Asker: 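Have a look at this one.
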Number of protein chains: 2
Amino acid sequence: MKRTSRDIRTANRYEVLREIIAESPTSRQELAAATGLSLATVATLVGELLDLRMITEVGFEDSAGGRPRGLVAVNASGGALIGVDIAETYVRVELFDLGLNVLARADEDMRPGESLPEQVVGHVAAAVGSVVAQAGVEGARVLGVGVSVPGQVDRDTGIAEYAPNWDWHDVPLLDLLSEHIAYPLYLDNPLRACAVAELWFGAARGHGDAVVVNLGTGVGAGLVLGGGLHRGVSNSAGEWGHTTLVLDGRLCHCGNHGCVETYVGAPGIMLNLRELSPKSTLLHPEDQTATINALARGVADREPVALKVVRDTARYLGAGIADLVNLLNPQVVVLSSWVAATLGEPLLNEVREAVSRHSLRRPFTATEIVLSPIPTDPVCLGAATFALEGALSSISQRSGRRVAGGRTRTAPSA
Amino acid sequence: MKRTSRDIRTANRYEVLREIIAESPTSRQELAAATGLSLATVATLVGELLDLRMITEVGFEDSAGGRPRGLVAVNASGGALIGVDIAETYVRVELFDLGLNVLARADEDMRPGESLPEQVVGHVAAAVGSVVAQAGVEGARVLGVGVSVPGQVDRDTGIAEYAPNWDWHDVPLLDLLSEHIAYPLYLDNPLRACAVAELWFGAARGHGDAVVVNLGTGVGAGLVLGGGLHRGVSNSAGEWGHTTLVLDGRLCHCGNHGCVETYVGAPGIMLNLRELSPKSTLLHPEDQTATINALARGVADREPVALKVVRDTARYLGAGIADLVNLLNPQVVVLSSWVAATLGEPLLNEVREAVSRHSLRRPFTATEIVLSPIPTDPVCLGAATFALEGALSSISQRSGRRVAGGRTRTAPSA
DNA sequence: AGGGGTTAGGAAATGGGGTTTACAAAGTCC
DNA sequence: GGACTTTGTAAACCCCATTTCCTAACCCCT
């Protein structure tokens with residue numbers, strides 16, 4: 001609510017680093033042009049990032065008649081970020097370098113019974129230890145650990161207020177984790193993790209208003225509004241999965257009827273398939289992943305049943321997304337998470353068609369609908385991004401003292 | 001997108017003036033406490049507003065042992081603001097003093113045939129001239145004219161891109177109006193006008209995130225996010241009336257089926273009534289206002305049919321609002337416009353109940369649902385508020401030169 | 001009536017942020 | 001080697017808000 005000039009600096013720092021990561025290597029001039037900031041400001045921010053060793057000077061651009069532009073690039077080895085994706089049946093942990101490349105990964109399966117916070121925390125701690133060991137980085141280089149847990153989260157206190165999977169209520173997850181993990185910890189939920197991943201590295205980059213629609217087992221929508229994540233008053237904005245799409249429709253586990261999630265989440269899609277063709281060979285009861293994969297193959301082979309299921313699903317999804325387009329008028333709608341990734345282009349095309357039918361013409365023409373371009377697990381990436389943001393905003397200011405003649409001209413010459 | 005320190009100043013200026021208008025008269029100390037700003041900043045901003053003659057010093061508060069606090073209040077006669085509400089069948093113009101009290105009003109009816117931009121502009125110009133004459137203010141005191149026109153509007157170019165009522169396409173409305181009206185003009189649509197009215201003077205004041213649900217002939221939702229109006233990328237955010245509530249439901253004039261508007265807009269409510277009881281005496285075909293009024297009286301008399309219609313309407317409305325609560329997690333949802341005002345508390349209670357059934361518990365407990373506390377036409381008020389915002393942000397800065405010893409201590413003594 | 005305590009509010013100093021301007025550094029081209 | 005061009009740093013400047021200091025204005029008490 002209360003904006004201060006520090007926020008401007010932080011936002012600009014984000015913007016510059018985003019641009020460097022995306023365009024690495026790049027020059028100050030290009031950064032200034034891309035961000036709209038003055039050269040001096042860019043230079044200052046670049047200086048800060050250099051002092052933090054998050055980026056390095058990597059040489060010079062060939063020039064045609066003037067002083068060559070110095071190039072800066074992400075200093076991949078300048079630190080490591082860890083992203084933790086806690087899901088219903090597994091914990092996945094990835095360790096990234098500062099270029100956001102995956103250096104190590106650890107998966108831990110959780111049995112249905114294992115729902116106590118202590119058990120989950122144990123898995124997370126083990127996996128975090130594993131990735132650090134695998135990557136062989138010294139602990140001091142880990143800048144932070146972002147943790148995504150489904151449900152409602154208070155990111156300030158680090159309390160998981162409510163996790164529907166395991167009936168958790170007000171679990172002080174961050175405190176529990178900090179007993180096993182020595183790095184700075186950041187907690188949020190997968191919806192917002194995916195949104196932040198798109199904002200930094202994906203299709204929402206540079207867009208003021210974007211909606212990241214999450215299609216997995218659950219369904220939600222991360223909201224990027226005014227260039228930043230919209231959290232709402234109690235950090236629970238984005239619960240789009242329980243929007244009523246069909247009055248008195250399918251029963252949802254939330255207790256209501258006709259929620260979007262029951263039609264376009266993985267279990268909903270399976271139900272769409274079952275209703276259309278109960279004995280289809282595409283259907284793998286009890287295995288969502290296998291069914292969605294089979295469906296994708298079926299579409300590729302142009303099987304009528306698969307095509308019809310995708311079309312039906314897209315009709316529901318399109319109606320829901322059209323509502324978001326009308327309401328929020330975003331520049332881009334991103335389809336993210338594994339169901340969207342698996343069904344890919346065929347789903348996208350049907351969705352585009354359905355949205356165009358359901359939305360108003362003016363807002364529709366202003367928004368693009370795309371698949372997430374992020375190749376890896378967006379939840380881990382987004383969680384790691386929370387850690388990155390944390391590392392960037394906790395700069396003590398004036399700590400780097402920039403000794404005269406110190407860092408000038410250390411870069412490898414052309 | 002790009003935030004600058006000037007924006008902070010403007011936002012703070014808004015905040016301070018809002019507070020003064022709401023709590024007039026008030027002291028600098030209270031303002032500092034209410035806004036969270038330092039005393040010095042408040043003093044500077046108050047000084048600016050004094051220089052602009054928008055507020056005046058009106059005396060002192062009794063003190064108990066110290067220097068008494070100087071009180072400032074809105075300088076009602078320091079200027080006038082005009083709000084124009086262009087609707088399908090009428091043009092309403094109100095002239096406000098700076099305390100946002102209505103000083104004069106003019107209504108012009110428009111016949112169904114009169115849909116040419118020139119005709120509408122003529123009515124507006126006549127009504128604006130009328131209110132200025134009625135109020136007897138010199139023209140120089142009119143700070144601006146805000147104009148609300150339904151549909152899609154480009155507020156920067158002043159073009160009404162699309163007005164569904166009259167099939168307008170890209171009408172340069174502001175240019176046309178400026179030929180007849182010499183005051184600064186501001187253009188937007190009624191949705192955002194109502195939202196801004198609530199943000200400045202109504203139930204959304206002081207809340208970072210709010211949704212202003214507009215129930216009139218048409219239906220929409222003004223979005224206040226992060227303390228400011230959310231406009232979306234092409235200034236068309238808030239088109240909530242065409243959210244699909246019932247898949248394959250009632251046909252809407254937008255071409256789709258099952259839009260919220262077809263169930264909870266005035267014509268929709270009439271249809272709810274007709275479907276329930278085709279021969280009800282409450283029903284006045286061709287007259288929305290009469291029907292809604294009759295319905296309100298019926299509810300007051302506890303007539304079963306009226307009660308049932310309101311309950312049914314609230315069920316639809318509640319489902320729709322629940323989706324907004326889940327998605328945006330606002331602090332407050334305001335029911336605005338004439339249908340909401342007419343049906344009042346009975347509708348509100350049913351809506352609250354319905355929302356609580358359809359929304360997730362966590363976001364629901366964080367949001368309040370209220371009727372708009374604004375007693376006058378919110379569209380005119382909101383339109384005038386656009387003019388007020390315009391007058392406040394176009395401050396030339398350092399124009400008032402604050403001669404030493406100039407304005408000190410001119411106030412009436414206690 | 002004249003101190004002493006107390007609160008209000010102005011003025012100046014301070015610090016964060018961004019931009020503009022001046023200038024040195026580092027190239028190419030002739 | 002000099003002229004021209006471009007980069008990037010450093011210094012000056014403007015804007016905004018906060019902190020600090022000090023005076024003004026009041027009450028109460030003697």
Side-chain angles (χ1 to χ4, degrees), chain A residues 2-13 15-16 26-33 35-48 50-51 57 59-72 393 395-399 402-411 413-414, chain B residues 2-13 15-16 26-33 35-48 50 57 59-72 395-399 402-411 413-414:
Chain A
K2 181 122 181 279
R3 303 177 251 320
T4 138
S5 65
R6 279 293 250 284
D7 298 336
I8 296 178
R9 180 59 156 248
T10 305
N12 287 343
R13 194 161 27 218
E15 204 69 30
V16 166
T26 185
S27 64
R28 291 170 181 79
Q29 312 288 326
E30 285 178 75
L31 289 170
T35 58
L37 296 167
S38 72
L39 233 64
T41 305
V42 168
T44 314
L45 292 168
V46 165
E48 274 181 19
L50 284 167
D51 284 347
E57 294 178 283
F60 299 90
E61 219 173 30
D62 284 348
S63 86
R67 174 175 173 173
R69 300 178 168 181
L71 294 175
V72 292
S393 41
I395 293 182
S396 46
Q397 223 67 40
R398 299 299 93 210
S399 69
R402 315 200 85 224
V403 181
R407 211 209 49 264
T408 326
R409 195 75 202 188
T410 337
S413 181
Chain B
K2 182 124 181 278
R3 302 177 252 317
T4 137
S5 64
R6 279 290 250 284
D7 298 336
I8 297 180
R9 181 59 155 245
T10 304
N12 288 343
R13 198 167 15 227
E15 203 70 30
V16 167
T26 185
S27 64
R28 291 170 182 78
Q29 312 288 326
E30 286 178 75
L31 288 171
T35 59
L37 296 168
S38 73
L39 249 90
T41 304
V42 168
T44 315
L45 291 167
V46 165
E48 276 181 18
L50 284 168
E57 294 178 282
F60 299 90
E61 218 173 31
D62 284 348
S63 85
R67 172 174 174 174
R69 298 177 171 181
L71 294 176
V72 293
I395 292 181
S396 47
Q397 223 68 42
R398 297 300 94 211
S399 70
R402 314 197 91 235
V403 182
R407 210 209 49 265
T408 326
R409 197 70 201 193
T410 336
S413 182

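None of these values were measured; they are calculated from a predicted model. Proteins come first, then strands; the chains are lettered A, B, ... in the order of their sequence lines, and each starts at number 1. Both backbone and side-chain heavy atoms feed into the values below; hydrogens, waters and symmetry mates do not.
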Asker: Would you kindly compare B/Pro68 and A/Thr10 by the position of their nearest DNA chain C nucleotide and give the one closer to the 5′ end?
Answerer: B/Pro68

Asker: C/dG9, OP1 or OP2 - any side-chain N/O from B/Gln29 closer than 4.0 Å?
Answerer: yes

Asker: Take the protein atom CD of A/Glu48 and the nucleotide atom P of C/dG16, then report the distance between them rounded to whole Å.
Answerer: 12 Å

Asker: Please lay out, stage by stage, how A/Leu37 and A/Leu45 fare under the test side chain to side chain contact (heavy atoms under 4.5 Å, CB included).
Answerer: CA-CA 10 Å; A/Leu37 296 167; A/Leu45 292 168; 4.1 Å; yes

Asker: So, is B/Arg9 close to the D/dA17 phosphate, meaning a side-chain N or O under 4.0 Å from OP1 or OP2?
Answerer: yes

Asker: Are OP1 or OP2 of C/dG16 and a side-chain N or O of A/Arg6 less than 4.0 angstrom apart?
Answerer: no

Asker: Could you check how far CG of A/Leu37 sits from P of C/dT20, rounded to whole Å?
Answerer: 11 Å

Asker: Both B/Gly70 and B/Gly65 contact DNA chain C. Taking the nearest nucleotide for each, which residue is further toward the 5' end?
Answerer: B/Gly65

Asker: Which distance, rounded to the nearest 0.5 Å, do you find between the CZ of B/Arg6 and the CZ of B/Arg13?
Answerer: 8.5 Å

Asker: In whole Å, what is the span from the CD atom of B/Glu30 to the P atom of C/dG9?
Answerer: 11 Å

Asker: Return the minimal non-hydrogen interatomic distance between A/Arg9 and A/Thr44, and the atom names on each side.
Answerer: NH2-CG2, 3.5 Å

Asker: The test is side chain to side chain contact (heavy atoms under 4.5 Å, CB included); show your working for A/Glu61 and A/Gln29 and say whether it passes.
Answerer: CA-CA 11 Å; A/Glu61 219 173 30; A/Gln29 312 288 326; over 6 Å; no

Asker: Once side-chain contact (heavy atoms from CB on, under 4.5 Å) is applied, do any residues pair with B/Ala32, and if so which ones, sequence neighbours excluded?
Answerer: B/Leu39, B/Val42

Asker: Quick one, B/Thr35 with B/Asn12, criterion side chain to side chain contact (heavy atoms under 4.5 Å, CB included). Give me CA distance, side-chain angles, the key distance, then yes/no.
Answerer: CA-CA 8 Å; B/Thr35 59; B/Asn12 288 343; over 6 Å; no

Asker: C/dG17 phosphate, OP1 or OP2: any side-chain N/O from A/Asn12 under 4.0 angstrom?
Answerer: no

Asker: Check the distance between C/dG18's C1' and A/Leu45's CG and give it to me in whole angstrom.
Answerer: 10 Å

Asker: In whole angstroms, how far is the P atom of D/dA25 from the CD atom of B/Glu57?
Answerer: 12 Å

Asker: OP1 or OP2 of D/dT9 sitting under 4.0 Å from any side-chain N/O of A/Arg28?
Answerer: yes

Asker: Is there a side-chain contact between A/Ile8 and B/Asp7 in this structure, where contact means two heavy atoms from C-beta onward sitting under 4.5 Å apart?
Answerer: no

Asker: Protein-nucleotides 19-24 of chain D N/O pairs closer than 3.5 Å?
Answerer:
unit_1 : atom_1 : unit_2  : atom_2 : d
D/dA24 : N3     : B/Arg67 : NH1    : 3.3

Asker: May I have the distance from B/Arg69 (atom CZ) to C/dG10 (atom C1'), rounded to whole angstrom?
Answerer: 17 Å

Asker: Check the distance between C/dG17's P and A/Glu15's CD and give it to me in whole angstrom.
Answerer: 17 Å

Asker: Could you state the atom-to-atom distance from CZ of B/Phe60 to P of D/dC27 in whole Å?
Answerer: 12 Å

